Asker: 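Got a structure here, written out as structure tokens. Questions coming.
No experiment lies behind these values; they were computed from the predicted model shown. Every chain is numbered from 1, with letters handed out A, B, ... down the list of sequences.
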Amino acid sequence: MKFTAAQIAGLLSGKVEGNPDAEVSNVARIEEGAPGMLSFLANPKYTPYIYETKSSVVIVNDDFDPKAPVAATLIRVPDAYAAFATLLSYYDKMVKGRTGVSSLAFVSKTARYGESVYLGEFAYLGENVVVGNDVKIYPQVYVGDNSVIGDGTTLFPGVKLYNNTIVGKNCTLHAGVVVGSDGFGFAPQANGHYEKVPQVGNVVIEDDVEIGANATIDRSTMGSTRIGKGVKLDNLVMIAHNVELGENTVMAAQTGVSGSTHLGRNCVVGGQVGFAGHLHIADGSKFGAQSGVQGDVEEPNKAFMGSPALPLRQFQRNFIRSKQMEDLFKKVDALEKQIEELKK
Amino acid sequence: MKFTAAQIAGLLSGKVEGNPDAEVSNVARIEEGAPGMLSFLANPKYTPYIYETKSSVVIVNDDFDPKAPVAATLIRVPDAYAAFATLLSYYDKMVKGRTGVSSLAFVSKTARYGESVYLGEFAYLGENVVVGNDVKIYPQVYVGDNSVIGDGTTLFPGVKLYNNTIVGKNCTLHAGVVVGSDGFGFAPQANGHYEKVPQVGNVVIEDDVEIGANATIDRSTMGSTRIGKGVKLDNLVMIAHNVELGENTVMAAQTGVSGSTHLGRNCVVGGQVGFAGHLHIADGSKFGAQSGVQGDVEEPNKAFMGSPALPLRQFQRNFIRSKQMEDLFKKVDALEKQIEELKK
Amino acid sequence: MKFTAAQIAGLLSGKVEGNPDAEVSNVARIEEGAPGMLSFLANPKYTPYIYETKSSVVIVNDDFDPKAPVAATLIRVPDAYAAFATLLSYYDKMVKGRTGVSSLAFVSKTARYGESVYLGEFAYLGENVVVGNDVKIYPQVYVGDNSVIGDGTTLFPGVKLYNNTIVGKNCTLHAGVVVGSDGFGFAPQANGHYEKVPQVGNVVIEDDVEIGANATIDRSTMGSTRIGKGVKLDNLVMIAHNVELGENTVMAAQTGVSGSTHLGRNCVVGGQVGFAGHLHIADGSKFGAQSGVQGDVEEPNKAFMGSPALPLRQFQRNFIRSKQMEDLFKKVDALEKQIEELKK
């Protein structure tokens with residue numbers, strides 16, 4: 001899709017300076033500009049680039065005062081960065097704005113869906129599924145029986161929701177996400193075999209949640225695994241059965257939470273962190289990447305790191321000390337000799 | 001689906017006390033009860049909840065003796081917990097009990113399948129595939145050429161089996177599992193490029209295996225990667241080429257096993273553990289979460305932890321010592337001063 | 001498929017010794033031979049097995065001089081190992097040699113594809129997609145709008161490419177790979193909520209790249225996440241937004257690279273390694289399994305290990321020292337006592 005400088009200026013209530021018919025079809029950093037690209041200039045550090053950028057159109061602050069000729073068409077707005085971000089949001093919504101139910105999708109007789117829905121090819125809606133308005137279900141998505149998808153939610157290609165999954169409004173589940181698989185519950189038998197503990201609960205995902213590609217969330221043994229409002233989970237994260245994540249908690253990629261652990265609100269978890277099972281983690285806790293969390297955290301807003309995890313400052317001191325260990329060993333050997341000397 | 005107290009009591013050979021027509025459609029913990037829910041009371045600690053639970057029906061032990069009025073309909077059985085678990089198993093089988101071959105599935109001309117099979121929409125069975133009786137293949141599953149699926153096995157939505165994969169009886173592969181992808185085998189060349197080592201083996205999964213969502217198992221370079229009978233693998237586990245896992249070995253989420261490593265029977269492996277390649281691990285070995293296993297384990301039934309992994313007790317002692325390191329540094333400094341003093 | 005000894009010898013320009021009509025349908029290690037299997041003998045260590053192998057045909061070196069009767073039919077070639085590898089490559093290409101566009105695939109009106117293409121059932125090609133010659137797109141693959149797939153590339157079942165993804169020539173993406181999902185970019189708000197930072201870039205994968213099952217690569221916020229020529233990524237690897245990987249860099253399974261980190265060429269990264277964001281890693285850097293990389297690496301061709309990562313030799317010394325820590329504590333206690341003694 002192409003847009004003219006005039007169209008963009010209209011959208012942003014900005015003023016065009018240069019060719020109003022200059023066309024752009026994509027965006028680029030100003031220092032990586034090319035013909036047909038739209039860029040922006042907000043940080044003065046990047047001002048020198050505006051005189052040499054190849055981008056066709058650049059959004060600038062109202063008070064930008066060129067010191068040399070600028071080849072690009074300019075669009076002047078009060079806040080160039082904010083205007084650019086707004087534009088990207090519009091654009092993102094527009095390119096994802098498709099609607100319509102493909103004749104190659106499978107919709108069970110008892111499934112219902114709202115208005116302005118997109119349902120792509122080879123997608124599957126099971127019995128009694130309820131899909132809200134403005135929902136986008138991409139090709140090859142599976143929505144199991146009795147599941148409910150709230151208004152404005154997007155399920156990217158290949159998402160799999162087991163039966164009875166509840167997804168709130170304005171959520172985004174990226175490609176390959178699995179929600180509602182059985183928890184890892186097995187009872188060891190005397191003969192060494194494992195007997196499966198029946199898993200009959202579900203997963204509830206509240207509003208405004210985003211879940212990264214190929215992440216997995218297991219259903220509860222009974223009751224619900226619960227992902228709180230505004231939670232953001234990165235790719236390949238693993239949430240086990242009976243886990244609860246409080247509102248606005250965020251987790252970077254490849255982190256795993258074991259069964260029945262509850263995290264509070266506004267926790268910030270780095271990548272590749274592991275939580276043992278049955279823990280309670282206070283609101284606002286922070287965990288550095290690759291931490292291994294083995295115990296409860298009772299006091300809110302504390303930071304941890306290491307495996308096993310320690311308070312951040314203690315971890316940092318230990319790490320510095322561990323690098324000095326070689327010297328310590330040598331020092332102790334030297335002291336030993338001096339003592340021998342003194343004893344004589 | 002709804003069930004009456006009388007129907008459930010019939011199934012469990014229990015006695016109804018209260019309204020035999022009370023209906024339930026789901027289960028809940030007794031302390032989280034709601035109308036239309038079925039709960040159970042086995043642990044005396046939870047007895048107080050039975051007088052206030054909103055659940056419509058509660059399964060109790062024969063000898064339960066109420067000390068106050070109970071609103072819920074009771075079903076008396078000899079062992080309330082066992083009866084409840086039995087019921088969940090029945091229920092689980094029933095809701096997964098669908099059969100029938102969808103006209104929207106693709107079945108190659110040379111594929112064969114047994115009786116009481118479920119083959120969902122957009123599933124694919126390649127050439128010469130053999131599917132046993134009572135197998136459930138959910139929508140969007142891919143079964144490559146010459147693969148064999150044993151009786152009673154379930155492949156949840158989106159499972160991908162490459163050519164020549166053998167899956168035993170009564171296995172469960174959760175959504176997004178990939179079996180039979182090429183091993184990570186590349187021969188470095190003088191010019192820095194990597195030449196692919198052809199991978200022509202397959203994967204053999206024995207009976208009673210369960211594999212968690214989005215886990216991956218690579219095929220052998222030649223011969224078979226082998227997952228022993230009764231093995232349980234959690235979500236996002238990675239099993240590399242030529243690996244062999246002994247019977248009843250279990251691995252928690254996000255653990256990875258490198259190429260050609262063999263684990264014995266009845267090993268218990270925590271989450272996010274990594275095994276180097278070409279190792280032999282004795283039967284009954286145990287590894288704590290996030291362990292990094294770099295060497296063989298010859299003696300059976302030993303426990304390990306840490307990265308690199310150490311015997312568990314040594315790891316624990318080291319961890320305690322690492323927390324005392326700051327004190328040790330200070331102590332050595334103090335001793336140094338005392339020695340200086342003594343020297344004078 | 002079956003092949004006779006004569007057919008194989010013809011392909012390899014070898015000489016048959018024994019029954020030229022002996023048939024094989026698969027390959028096996030010589031020590032695991034069985035009727036109908038093809039094996040090879042190159043390493044003299046394995047020579048004893050040739051007298052007892054059950055394999056029907058064995059490829060041997062020209063100068064192999066049997067010391068006892070051999071039941072198998074032999075094929076003599078100058079280099080048995082090389083000939084066997086060549087054969088596997090031929091075989092691999094042959095079994096993957098299918099072409100044809102399934103009537104059950106979805107091809108948008110504006111998508112185009114080249115010659116000798118395989119497009120499997122339930123695969124999806126979006127608007128303006130361009131697929132080169134000899135491309136294999138397996139069932140249930142999703143190719144988003146405006147994506148480009150180079151000649152000779154294979155997308156195994158269930159691969160998901162978001163809009164605008166560019167994949168080079170002769171690449172292999174294994175089942176379940178997701179390319180182009182949104183980067184994990186969220187701006188924290190004063191009220192604790194997170195605002196999504198629009199992600200409008202794409203992913204560019206250069207030629208000769210192989211990506212393992214269920215790995216994920218996020219698109220750039222703006223511009224491109226870039227996977228260099230000849231890169232090999234193992235299963236469940238996670239590449240975040242704006243990352244760049246130099247040519248011929250390889251990463252073992254479950255490794256993760258955070259946003260905007262750039263790795264140079266010919267790096268070798270073990271499994272379960274984590275890289276922090278915004279790092280620059282020099283060419284030829286090596287990282288042991290489970291390393292946690294927190295800082296830039298400026299000098300090329302250095303090795304690192306540990307979390308946080310240290311130069312390899314320092315890590316090894318520290319690890320040895322950590323195992324001696326218990327002794328050090330005891331030694332310091334003993335010295336303390338001796339000093340007390342001396343003070344008297």
Asker: Hey, is NZ on A:K286 packed in by over 12 heavy atoms from elsewhere, all under 6.0 Å?
Answerer: yes
Asker: Is there a side-chain contact between A:F156 and C:K160 in this structure, where contact means two heavy atoms from C-beta onward sitting under 4.5 Å apart?
Answerer: no
Asker: Can you list every salt bridge (Lys or Arg N to Asp or Glu O under 4.0 Å) pair that touches residues 214-225 of chain C, not counting sequence neighbours?
Answerer: A:D92-C:R219, C:D182-C:R219
Asker: Contact part of C:A215 toward chain A, heavy-atom cut-off under 4.5 Å: side chain, backbone, both or neither?
Answerer: backbone
Asker: Is the side chain of A:Q140 donor-acceptor paired with the backbone N or O of C:Q140 at a distance under 3.5 Å, no angle test?
Answerer: yes
Asker: Sub-3.5 Å donor-acceptor pair from the side chain of C:N318 to the main-chain atoms of A:M325, do we have one?
Answerer: no
Asker: Counting only heavy atoms not in A:Y46, do more than 12 sit closer than 6.0 Å to its OH atom?
Answerer: no
Asker: Given heavy-atom pairs under 4.5 angstrom as the criterion, report whether the side chain, backbone, both or neither of A:F84 touches chain C.
Answerer: side chain
Asker: Using non-hydrogen atoms only, which part of C:A123 is less than 4.5 Å away from chain A: side chain, backbone, both, or neither?
Answerer: backbone
Asker: Sort out for me which of C:V177, C:N163, C:V273, C:V332 touches chain A most, counting heavy-atom pairs under 4.5 Å.
Answerer: C:V273
Asker: Side chain, backbone, both or neither: which part of C:P308 has a heavy atom under 4.5 Å from chain A?
Answerer: both
Asker: From C:S220 OG over to A:R29 CZ, what is the distance, rounded to the nearest 0.5 angstrom?
Answerer: 5.0 Å
Asker: Contact part of C:S224 toward chain A, heavy-atom cut-off under 4.5 Å: side chain, backbone, both or neither?
Answerer: neither
Asker: In residues 251-263 of chain C, which residues are in contact with chain A at a heavy-atom separation under 4.5 Å?
Answerer: C:Q254, C:T255, C:G256
Asker: Between C:F186 and A:V250, is there a side-chain heavy-atom distance shorter than 4.5 Å?
Answerer: no
Asker: Mind checking what makes side-chain contact (heavy atoms from CB on, under 4.5 Å) contact with C:T110, not counting sequence neighbours?
Answerer: C:S108, C:E127, C:N128
Asker: What is the minimum heavy-atom distance between C:V178 and A:A213, and which atoms define it?
Answerer: CG1-CB, 3.7 Å
Asker: Could you look at C:Y162 and say if it's the side chain, the backbone, both or neither that has a heavy atom under 4.5 Å from chain A?
Answerer: side chain
Asker: Between the main-chain N or O of C:S291 and the side-chain N or O of A:Q290, is there a donor-acceptor pair closer than 3.5 Å?
Answerer: yes
Asker: Enter the distance from C:K196:NZ to A:L88:CG here, rounded to the nearest 0.5 Å.
Answerer: 12.0 Å
Asker: Can you tell which part of C:V179 gets under 4.5 Å to a heavy atom of chain A, answering side chain, backbone, both or neither?
Answerer: neither
Asker: A:L236 and C:V237: which non-hydrogen atoms are nearest, and at how many Å?
Answerer: CD1-O, 4.0 Å
Asker: So does C:F184 get a backbone contact from the side chain of A:D234, meaning a donor-acceptor N/O pair under 3.5 Å?
Answerer: no
Asker: Non-hydrogen atoms of chain C under 4.5 Å away: do they reach the side chain of A:V268, the backbone, both or neither?
Answerer: side chain
Asker: Counting only non-hydrogen atoms closer than 4.5 Å, does A:A289 touch chain C with its backbone (N, CA, C, O), its side chain (CB onward), both, or neither?
Answerer: neither
Asker: For C:F329, I'd like to know if atom CZ has over 12 heavy atoms of other residues, nucleotides or ligands within 6.0 Å.
Answerer: yes
Asker: Treating A:E326 as the side-chain partner and C:R317 as the backbone partner, does any N or O pair qualify as donor plus acceptor under 3.5 Å?
Answerer: no
Asker: Quick one: what part of C:V159 sits under 4.5 Å from any heavy atom of chain A, side chain, backbone, both or neither?
Answerer: neither
Asker: Among the options A:S322, A:G230, A:G271, pick out the one with the most heavy-atom pairs lying under 4.5 Å from chain C.
Answerer: A:S322
Asker: Answer with side chain, backbone, both or neither: which region of A:Q338 has an atom nearer than 4.5 Å to a non-hydrogen atom of chain C?
Answerer: neither
Asker: One thing to verify: whether C:R321 and A:D327 come together as a salt bridge, which I'm taking to mean a side-chain N less than 4.0 angstrom from a carboxylate O.
Answerer: no
Asker: Only pairs of heavy atoms separated by less than 4.5 Å count here; which of C:Q324, C:Q294, C:Q199 has the most with chain A?
Answerer: C:Q324
Asker: If you count heavy atoms of other groups shown closer than 6.0 angstrom to OH of C:Y113, is the number above 12?
Answerer: no
Asker: Looking at C:T216, is its backbone amide N or carbonyl O close enough to the side chain of A:N235 to form a donor-acceptor pair, meaning the two atoms are under 3.5 Å apart?
Answerer: no
Asker: Quick one: what part of A:E247 sits under 4.5 Å from any heavy atom of chain C, side chain, backbone, both or neither?
Answerer: neither
Asker: Name the option with the most non-hydrogen atom pairs under 4.5 Å to chain A; the candidates are C:G274, C:G201, C:G158.
Answerer: C:G274
Asker: Could you check which of A:M305, A:R265, A:K343 has the highest count of heavy-atom pairs closer than 4.5 Å to chain C?
Answerer: A:K343
Asker: Report the option among A:G288, A:G212, A:A28, A:S102 that has the most heavy-atom pairs separated by less than 4.5 Å from atoms of chain C.
Answerer: A:A28
Asker: Considering only heavy atoms, which portion of C:I320 lies under 4.5 Å from any heavy atom of chain A: side chain, backbone, both, or neither?
Answerer: neither
Asker: Are C:Y142 and A:F122 close enough that their ring centers fall under 6.0 Å?
Answerer: no
Asker: Based on non-hydrogen pairs under 4.5 Å, which of A:G270, A:P157, A:G120, A:S89 is most in contact with chain C?
Answerer: A:P157
Asker: Of the backbone (N, CA, C, O) and the side chain (C-beta and beyond), which part of A:K323 lies under 4.5 Å from a heavy atom of chain C, both, or neither?
Answerer: both
Asker: Name the option with the most non-hydrogen atom pairs under 4.5 Å to chain A; the candidates are C:L328, C:N164, C:I339, C:V200.
Answerer: C:L328
Asker: For A:L342, is it the side chain, the backbone, both, or neither that has a heavy atom closer than 4.5 Å to a heavy atom of chain C?
Answerer: both
Asker: Which residues satisfy the side-chain contact (heavy atoms from CB on, under 4.5 Å) test with A:E336, sequence neighbours excluded?
Answerer: A:D333, C:K331, C:L335
